[in-house]
Engineer: 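First, the structure itself, so that you have it in front of you.
Chain identifiers are assigned alphabetically (A, B, ...) following the order of the sequence lines, protein sequences preceding nucleic acid strands; residue numbering begins at 1 within each chain.
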Protein chains: 2
Amino acid sequence: MPSIIEQIASELNISNASVSRALNDRPGVGKDLRERILQRARDLNYTPSLIARGLATSQTFAIGFFVHEKPNLSTQTDPFYGEILHGVEQVCAETDYHISIATLTDAILTAPADFRFVRERRIDGMILAGPDIPNHFVVAMLQSGIPVVLVDNKLDHSPINCINSDDDRGAYLAAKHLVELGHRSIGLIAGPEHWSSNARRVWGYTWALQEVGLTAPIIHVDRTTIDSGKAAYYQLVSEHPEITAIGAVNDSMAIGAIRAAQDEGRRVPEDLSIIGFDDIEWAAHNSPSLTTINIPKRQMGKEAARRLLSLLDDPEAAPTEIIVSVQLVKRESTQERS
Amino acid sequence: MPSIIEQIASELNISNASVSRALNDRPGVGKDLRERILQRARDLNYTPSLIARGLATSQTFAIGFFVHEKPNLSTQTDPFYGEILHGVEQVCAETDYHISIATLTDAILTAPADFRFVRERRIDGMILAGPDIPNHFVVAMLQSGIPVVLVDNKLDHSPINCINSDDDRGAYLAAKHLVELGHRSIGLIAGPEHWSSNARRVWGYTWALQEVGLTAPIIHVDRTTIDSGKAAYYQLVSEHPEITAIGAVNDSMAIGAIRAAQDEGRRVPEDLSIIGFDDIEWAAHNSPSLTTINIPKRQMGKEAARRLLSLLDDPEAAPTEIIVSVQLVKRESTQERS
DNA sequence: ATATTGAACGTAAACGCTTACGTTTAAGGA
DNA sequence: TCCTTAAACGTAAGCGTTTACGTTCAATAT
């Protein structure tokens with residue numbers, strides 16, 4: 001059975017080349033012949049074989065979306081990467097590109113040297129998502145020769161194409177919000193100091209408070225779960241009972257803090273205002289619902305895909321960091337200091 | 001630049017065919033020549049071009065994982081398909097298969113007739129996930145000629161390869177649990193009657209209660225969100241104030257019911273026991289934490305992948321429905337009737 | 001000793017497209 | 001009218017594999 005291209009060619013007594021040209025919208029075929037070819041192709045329900053095309057052009061029209069398997073700082077209870085992936089899908093759906101996914105396991109992360117992981121997938125480019133993908137792996141991928149875009153991550157000492165949320169500003173907004181509500185004794189609940197987005201959030205808080213002459217006690221804990229939020233809360237209020245508002249470095253911890261406060265018999269927000277960060281799905285469903293900083297995950301995915309696609313056109317483009325802006329979402333867990 | 005296969009062939013003064021045979025572990029090449037070929041391949045860091053191989057064999061070593069975009073019955077606030085996908089990944093990671101994903105949009109769902117969607121992807125098989133993928137689409141995919149496995153779905157009148165959770169039994173267990181706690185006035189909160197998993201859950205409840213001579217009032221609402229859980233709660237208790245326990249058809253609704261009860265000043269579980277279904281991530285973090293029926297999502301993904309892979313070997317195998325068993329998870333939202 | 005067999009290996013076509021290059025043809029310029 | 005030019009189209013090689021079919025040759029059977 002001949003391929004559809006061949007069939008059209010023979011039916012119309014022309015060459016494969018002309019059919020291919022017409023189908024790909026390339027010059028070199030006359031107006032009305034082109035029309036007849038396209039018509040016939042439609043009738044025959046022609047779908048190009050991306051795989052044959054791939055062999056011929058060494059383009060696969062697939063991109064990889066690879067996420068680190070460990071739950072990260074902000075995604076304990078949230079389909080964080082699911083949302084990002086959705087964004088990637090949305091922009092790819094408008095193109096010919098397909099998405100090939102994989103989870104980055106430790107095995108892959110520790111043995112990137114042979115490029116096997118990327119080469120066997122035959123992808124044109126890749127998106128790497130997750131804050132704790134080790135630098136050395138990113139560097140290795142960069143050397144594989146295909147474009148790389150990072151999401152929720154960056155490289156330590158050199159510029160790279162990446163998409164990140166505006167953590168500094170988000171934290172700044174959060175602090176500002178608390179200050180505007182009249183709070184003057186504000187405590188901070190933070191995760192491990194060396195996580196970069198954590199550090200940036202702490203920095204944003206500190207900066208905003210400093211602007212109005214305030215300094216905040218900071219509790220660092222080594223995880224960012226609900227339970228560590230509780231623990232941080234207890235430590236914070238025992239050291240600083242005068243506090244009327246708490247900023248948490250992510251929503252899970254904020255929710256933990258709310259629980260702990262409620263367990264102690266303090267009302268949120270009447271006695272204590274608490275604000276989170278991330279706007280995970282449950283933030284809106286918590287009781288009280290959580291005031292927080294929204295990260296536009298889907299948009300991050302879209303930006304990542306767009307960046308990657310444009311890189312595919314021009315691989316030499318200079319590395320750019322895209323910072324998506326975040327937004328304060330006022331809900332029930334914060335109110336004016338009484 | 002010659003391909004690596006050609007390079008090895010010429011270095012060793014043999015033919016491409018022998019190299020290919022050795023690489024693919026096929027008979028027809030002598031023991032020690034084979035060894036030398038493999039050795040050289042390792043040295044050269046050979047990675048087969050799946051795309052060239054695909055052209056030659058018309059196997060792509062990729063499967064599609066396609067999920068319906070609408071949030072379904074049970075996944076409002078839960079990375080349901082994320083977990084399933086994880087399972088799929090885990091088993092694929094042990095094979096040569098890659099995963100190509102896409103979201104089934106309405107546009108795709110309504111125009112499947114041309115197979116464009118599946119053909120252009122050049123996949124060897126596909127997993128379709130989501131309870132409300134229309135029958136006609138599934139049928140169309142079946143006719144595309146490649147194996148199809150359904151997850152969280154089935155076909156109305158003909159057998160098909162699918163993976164589902166044991167909804168009847170789950171509901172049975174839930175009801176049994178309430179009965180064993182001493183409850184005799186039990187109400188049911190359910191979603192739309194025509195959703196099949198919903199119907200099976202209602203059926204399981206009814207059956208278990210009937211076994212001990214009980215019948216339960218059932219409230220059907222048209223969505224399965226937290227808010228509709230609240231609404232259903234109010235309707236239920238206004239019509240049946242004597243009720244001491246509530247079974248909800250999914251966790252979101254159960255949580256809604258808990259909220260509503262708490263708002264009314266009733267304590268859960270002291271005054272009212274409430275049990276959910278699904279065991280979404282938040283169930284464990286709710287206060288009180290939610291007693292519910294756990295669906296092993298990851299395992300469903302694994303089963304789906306395994307089924308698909310075996311179908312790839314033997315496409316003629318008879319359609320099988322795999323039902324994964326569910327489990328009662330006792331937490332805080334239920335207790336003995338006081 | 002010859003005939004038979006099968007393992008080892010080579011040849012070359014095929015998979016479905018793209019594309020560099022060559023040829024034809026008609027239009028436009030002098 | 002003849003020459004130039006470019007658009008239209010054809011030719012055929014090539015992308016990296018696999019595989020049906022041939023060939024060679026040594027081992028075994030007779």
Side-chain angles (χ1 to χ4, degrees), chain A residues 1-38 40-41 44-62 96 98 115-116 119-124 145, chain B residues 1-38 40-41 44-62 96 98 115-116 119-124 145:
Chain A
M1 201 179 328
S3 76
I4 297 202
I5 282 197
E6 281 170 357
Q7 183 178 343
I8 296 181
S10 78
E11 278 184 20
L12 269 49
N13 267 321
I14 55 179
S15 73
N16 287 0
S18 292
V19 179
S20 175
R21 280 187 287 250
L23 257 17
N24 290 4
D25 216 37
R26 243 177 267 286
V29 32
K31 178 119 174 102
D32 82 316
L33 175 58
R34 178 184 302 260
E35 197 42 62
R36 277 163 47 220
I37 294 175
L38 291 180
R40 198 73 194 100
L44 290 174
N45 228 316
Y46 172 71
T47 316
S49 165
L50 291 190
I51 164 158
R53 177 181 295 176
L55 230 210
T57 62
S58 62
Q59 268 199 288
T60 61
F61 286 94
D96 288 331
H98 296 159
F115 303 129
R116 196 184 190 81
R119 297 211 3 229
E120 75 171 12
R121 262 158 235 269
R122 303 285 147 167
I123 48 180
D124 292 340
Chain B
M1 202 180 326
S3 75
I4 297 200
I5 283 197
E6 281 171 357
Q7 183 178 343
I8 296 182
S10 79
E11 278 185 21
L12 269 51
N13 266 322
I14 56 180
S15 73
N16 286 359
S18 291
V19 179
S20 175
R21 280 187 285 252
L23 257 16
N24 290 4
D25 216 36
R26 240 178 270 286
V29 31
K31 179 117 174 101
D32 81 317
L33 175 56
R34 179 185 301 263
E35 199 40 64
R36 275 162 48 219
I37 293 175
L38 291 179
R40 196 73 193 102
L44 291 174
N45 226 313
Y46 172 72
T47 316
S49 165
L50 292 192
I51 163 155
R53 176 181 296 174
L55 229 210
T57 61
S58 61
Q59 265 199 290
T60 61
F61 286 94
D96 287 331
H98 295 158
F115 304 129
R116 197 186 189 79
R119 298 205 10 223
E120 74 171 14
R121 262 157 236 268
R122 304 286 147 164
I123 49 180
D124 293 340

Engineer: For DNA chain C, which ranges pair as stems of 3 or more consecutive Watson-Crick or G-U pairs, with both donor-acceptor distances under 3.5 Å?
Structural biologist: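 Stem list for DNA chain C: C:1-30 with D:1-30.
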Engineer: Please enumerate all residues that pass salt bridge (Lys or Arg N to Asp or Glu O under 4.0 Å) together with A/Glu6, with sequence neighbours excluded.
Structural biologist: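 A/Glu6 satisfies salt bridge (Lys or Arg N to Asp or Glu O under 4.0 Å) with no residue once adjacent residues are dropped.
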Engineer: Summarise protein proximity over nucleotides 15-23 of chain D in one line of letters, 5' to 3': B for base, S for sugar-phosphate only, - for none, counting protein heavy atoms closer than 4.0 Å.
Structural biologist: BBBBB----
Engineer: Which residues pass the side chain to side chain donor-acceptor pair (under 3.5 Å) test with B/Arg40, not counting sequence neighbours?
Structural biologist: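 B/Arg40 satisfies side chain to side chain donor-acceptor pair (under 3.5 Å) with B/Glu11 once adjacent residues are dropped.
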Engineer: Extract all donor-acceptor atom pairs below 3.5 Å that involve side chains of residues 13-23 of chain A and protein atoms in other chains or at least two apart in sequence.
Structural biologist:
from: A/Ser15; atom 1: OG; to: A/Ala17; atom 2: N; distance (Å): 3.4
from: A/Ser15; atom 1: OG; to: A/Ser18; atom 2: N; distance (Å): 3.4

Engineer: Under 4.0 Å, heavy atoms only, any strand: does B/Ile14 hit a base, just the sugar-phosphate, or nothing?
Structural biologist: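 If one applies the 4.0 Å heavy-atom cut-off, B/Ile14 turns out to touch the sugar-phosphate alone, with no base involved.
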Engineer: Measure the spacing between CD1 of A/Ile5 and OG of A/Ser10 and express it to the nearest 0.5 Å.
Structural biologist: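 With rounding to 0.5 Å, CD1 (A/Ile5) is 12.0 Å from OG (A/Ser10).
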Engineer: Applying salt bridge (Lys or Arg N to Asp or Glu O under 4.0 Å), can you list everything that pairs with B/Arg53, at least two apart in sequence or on another chain?
Structural biologist: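 Salt bridge (Lys or Arg N to Asp or Glu O under 4.0 Å) check on B/Arg53 returns nothing, list empty.
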Engineer: Out of curiosity, A/Leu55 CG to A/Leu50 CG, how far, rounded to the nearest 0.5 Å?
Structural biologist: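 Going from CG on A/Leu55 over to CG on A/Leu50, the span is 12.5 Å.
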Engineer: Find out whether B/Arg34 and B/Ile37 are in side-chain contact, i.e. whether some heavy atom of one side chain is under 4.5 Å from a heavy atom of the other.
Structural biologist: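 When only atoms from C-beta onward are counted, B/Ile37 and B/Arg34 do not touch, as no gap falls below 4.5 Å.
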Engineer: How would you list, by chain and number, every residue that makes a side chain to side chain donor-acceptor pair (under 3.5 Å) with A/Glu120, sequence neighbours excluded?
Structural biologist: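 Expected list: B/His98.
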Engineer: Within residues 28-38 of chain A, which residues have any heavy atom lying less than 4.0 Å from an atom of DNA chain D?
Structural biologist: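 Close to the strand are A/Gly28, A/Val29, A/Gly30, A/Leu33.
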Engineer: Where is the tightest heavy-atom contact between A/Leu44 and A/Ile4, given as atom of each residue plus distance?
Structural biologist: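 Smallest interatomic distance, heavy atoms only, reads O-CD1, 3.8 Å.
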Engineer: With sequence neighbours left out, what residues match A/Tyr46 under ring pair (Phe, Tyr, Trp, His ring centres under 6.0 Å)?
Structural biologist: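 Result, ring pair (Phe, Tyr, Trp, His ring centres under 6.0 Å) vs A/Tyr46: none returned.
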Engineer: Go through the structure and list residues passing side-chain contact (heavy atoms from CB on, under 4.5 Å) with B/Ala56, not counting sequence neighbours.
Structural biologist: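 Testing B/Ala56 for side-chain contact (heavy atoms from CB on, under 4.5 Å), a comparison that skips the adjacent residues, returns none.
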Engineer: Restricting to nitrogen or oxygen on both sides, can you table the protein-nucleotides 4-6 of chain D pairs closer than 3.5 Å?
Structural biologist:
none

Engineer: Between C/dC17 atom C1' and B/Ile51 atom CD1, what is the distance in whole Å?
Structural biologist: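 Going from B/Ile51 (CD1) to C/dC17 (C1'), I get 10 Å.
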Engineer: Kindly write out the residues that satisfy side chain to side chain donor-acceptor pair (under 3.5 Å) with A/Thr60, not counting sequence neighbours, or none if the list is empty.
Structural biologist: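 A/Thr60 satisfies side chain to side chain donor-acceptor pair (under 3.5 Å) with A/Asp124 once adjacent residues are dropped.
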Engineer: Using whole Å, report how far CG of A/Leu50 lies from P of C/dG16.
Structural biologist: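 Atom CG in A/Leu50 sits about 14 Å away from atom P in C/dG16.
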